[in-house]
Amino acid sequence: MTSAPAVDRRQYAAASTQSVVPPESVAAESLSVTFNDVGRAFDGRTVLRNVSLTVTPGEVVAILGSSGCGKSTLLRAVGGLDEGFTGDIVIGDSPVTRYDERTAVGFQEPRLLPWRSIRKNVELGLPRDLSKSEGQSRVDELLELVGLAERAHLRPREISGGMAQRASLARALARQPGVLLLDEPFGALDALTRLKMQDLLLDVHAKTGTTVLLVTHDVNEALQLADRILLLGGRGTATAEGATVKSLVSVPGIRPRDRAATDLAQLRSELYAGLGVSSR
Amino acid sequence: MTTALAAPAATPGRAKSLPGGRILLGAAVPLLILGLWWLVTGPLNLFTPTQLPAPQRVLDAGLGLLEDGALYAHVGISVQRVLFGFLLGAITGLLLGSLLGLSRLADGLLHPTVGAFRAVPSLAWVPLILLWVGIGEDGKVLLIAIGAFFPVFTSVHSALRHVDPHLVEAGRAFGYHGTRLLTTVQLPAVVPPVFSGLRLALAQSWLFLVAAELLASSEGLGFLLIESQNNGRVDRLLLAIVLLAILGKTTDALLGIIERKALKTWA
Ligand SMILES: Nc1ncnc2c1ncn2[C@@H]1O[C@H](COP(=O)(O)OP(=O)(O)O)[C@@H](O)[C@H]1O
Ligand SMILES: [Mg+2]
């Protein structure tokens, strides 16, 4: 059923266990994202207000905030999955459109079609105008990149949660998005798998250079991955009037960062304080 | 601990090595009933042949009808009616269920009406069908189609309403909409519940076949039932019941095979 015979897949896996050359077709033209006084209310209840910032092309920005503060809401607005927001969001040089093709979303849940193989699920992300052979070779590269080349024929229920998240990431990358939107993509994974996925994401970013907006509630994940961290929150602990940009900080140091780096300790405790958690 | 872990692994293995095992298990009770039947009619002689003829007499009745060709005619026409009625009802159910399941407008417009029709016990249509269509072939097929329609319609409709919105949104996010979204996400997602609806509809078809043939017919298994009752041929009456059981089970098994193939591809 799968178009690539099993032999091909194995050759592929053997050929590039340690690929350092960026795969041509995975590279994207990264785009900027500008938020202009963005707000969102549901049934009169304000969730987000006055969010303004500019994400530069190729930047990784982590969106940090307590649960329910509107992180997903903000991300969905950028992906064109939600049109009810106020203010403007501009991607590159034009406003975000419905289900914007320049973005790709990695959801919190893998959201793979259970009746399709992993490979066919990744194909789902390919842009429409791509030729079949180009599409196939791009899928090959992506499966390689996320380490699923040998599992590509399996169904989602036959693989682990970490693999499913990698498949979901590959599907998002298949679009060669100018902006990659990731909504707590590693939230459901065990600690070790999570660290591996973070490394994988850095690897992907190094190869594609795409702009990344990463929602997370994990301070350490944000510190490990991001160029800048956007802390969303209300005034004090009261969120009645909606969350907004509480702080926007640059993370010092060049990635990959040492996970135990002490110079981040100060920033870490500031972020914890911003989330209303004592760090000691 | 080790044995507890080993046990579940061993069970499927054993079941696989003995494929006839389940069939044997399932045949145990019917064979027991057959044995009892033979016992009370033969050696114990508890019933007169007009009350309950022996199994052998039923078999003889079957062979007799087979010889003069009547059995083929009865079975053939009944199977044909079920097939046409089931197909007509199932296809209509699939189409209408898809329309109402996918379009909010069509749902708002038509669902109350379909719901009202569903509230009518399907057999209540019989007098009207008799009046308008007559109870010839068309009327019978129509009655069976009505019986088959509702299970299919209901399963398609509610399954489409309940397709995981997360998957649909993911499809949309990756640029799928309209027909492409339908064939990529929504239809595959509803294959398993739709097959449950189809199997229910098939059972309903047999039910409505007998109802239609009992009402008015000159051939078919329902006719065999009523004719045997009138002639006091309990052996033929039992024969017709056994044949209905076998045909119902066989057609359901055939649909089950298609279902398993479909589920392999879509679930
Ligand atoms: N479609 C919706 N309708 C109504 N309320 C919503 C909707 N989506 C999100 N919300 C509300 O907005 C708030 C923020 O949600 P969300 O962005 O998912 O938070 P999180 O930061 O955990 O991702 C929550 O209180 C949630 O209940
Ligand atoms: Mg969220």
Side-chain angles (χ1 to χ4, degrees), chain A residues 1-2 72 75-83 96-117 120-130 135 139 155-158 164-165 167-177 179-183 185, chain B residues 8-9 12-13 16 94 97-98 101-105 155-156 158-199 255-267:
Chain A
M1 224 180 43
T2 329
S72 299
L75 204 71
R76 294 169 56 81
V78 184
L81 304 184
D82 171 38
E83 291 195 307
V96 61
T97 60
R98 195 94 176 109
Y99 303 115
D100 203 305
E101 289 182 4
R102 297 166 295 174
T103 68
V105 191
F107 296 97
Q108 183 163 2
E109 324 77 24
R111 300 198 189 183
L112 302 172
L113 301 182
W115 55 85
R116 285 189 169 211
S117 68
K120 293 265 171 201
N121 265 289
V122 174
E123 281 174 16
L124 208 73
L126 290 172
R128 203 87 333 114
D129 51 13
L130 210 63
V139 170
R155 298 282 178 89
R157 63 162 175 273
E158 297 171 310
Q165 281 298 358
S168 168
L169 181 62
R171 179 181 60 184
L173 291 170
R175 273 196 148 179
Q176 295 191 342
V179 183
L180 179 62
L181 305 170
L182 299 174
D183 191 354
Chain B
K16 235 176 240 165
L94 281 171
S98 306
L102 291 169
S103 154
R104 298 226 155 252
L105 178 68
S155 65
V156 176
S158 86
L160 280 173
R161 290 267 117 160
H162 295 110
V163 173
D164 183 355
H166 275 171
L167 290 186
V168 176
E169 188 184 55
R172 289 218 165 92
F174 285 103
Y176 286 73
H177 49 80
T179 324
R180 282 168 45 81
L181 186 67
L182 180 70
T183 54
T184 311
V185 180
Q186 284 146 322
L187 285 186
V190 303
V191 166
V194 167
F195 265 97
S196 323
L198 284 172
R199 290 180 86 161
L255 193 56
I257 291 173
I258 302 175
E259 178 181 18
R260 246 185 321 251
K261 284 231 160 89
L263 290 187
K264 231 183 216 153
T265 318
W266 300 113

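What's counted below: heavy atoms across the whole structure, side chains too, no hydrogens, waters or symmetry copies. Proteins come first, then strands; the chains are lettered A, B, ... in the order of their sequence lines, and each starts at number 1.
- Judged by the 6.0 Å distance and 45° axis criteria, Arg128(A) is not positioned over the aromatic ring of Phe174(B).
- Contact record, Trp115(A) with Thr184(B): CZ2-O, 3.4 Å, taken as the closest heavy-atom pair.
- Atom CZ of Arg155(A) sits about 10.5 Å away from atom NZ of Lys264(B), to the nearest 0.5 Å.
- Looking only at distances, no side-chain donor or acceptor of Arg111(A) sits under 3.5 Å from a matching main-chain atom of Leu167(B).
- Of the listed residues (Leu113(A), Leu124(A), Asp100(A), Leu126(A)), the one with the most heavy-atom contacts under 4.5 Å to chain B is Leu124(A).
- Between the CZ atom of Phe107(A) and the CD atom of Glu169(B) there is a distance of 5.0 Å, given to the nearest 0.5 Å.
- Looking at Leu112(A), the atoms closer than 4.5 Å to chain B (heavy atoms on both sides) all sit in the backbone: N, CA, C or O.
- Remark: Arg260(B) engages no residue in a salt bridge (charged side-chain N to carboxylate O under 4.0 Å, His left out) (not counting sequence neighbours).
- For Val191(B), no part sits under 4.5 Å from any heavy atom of chain A, backbone or side chain.
- If you measure heavy-atom distances from Arg175(A) to chain B, the contacts under 4.5 Å come from the side chain alone.
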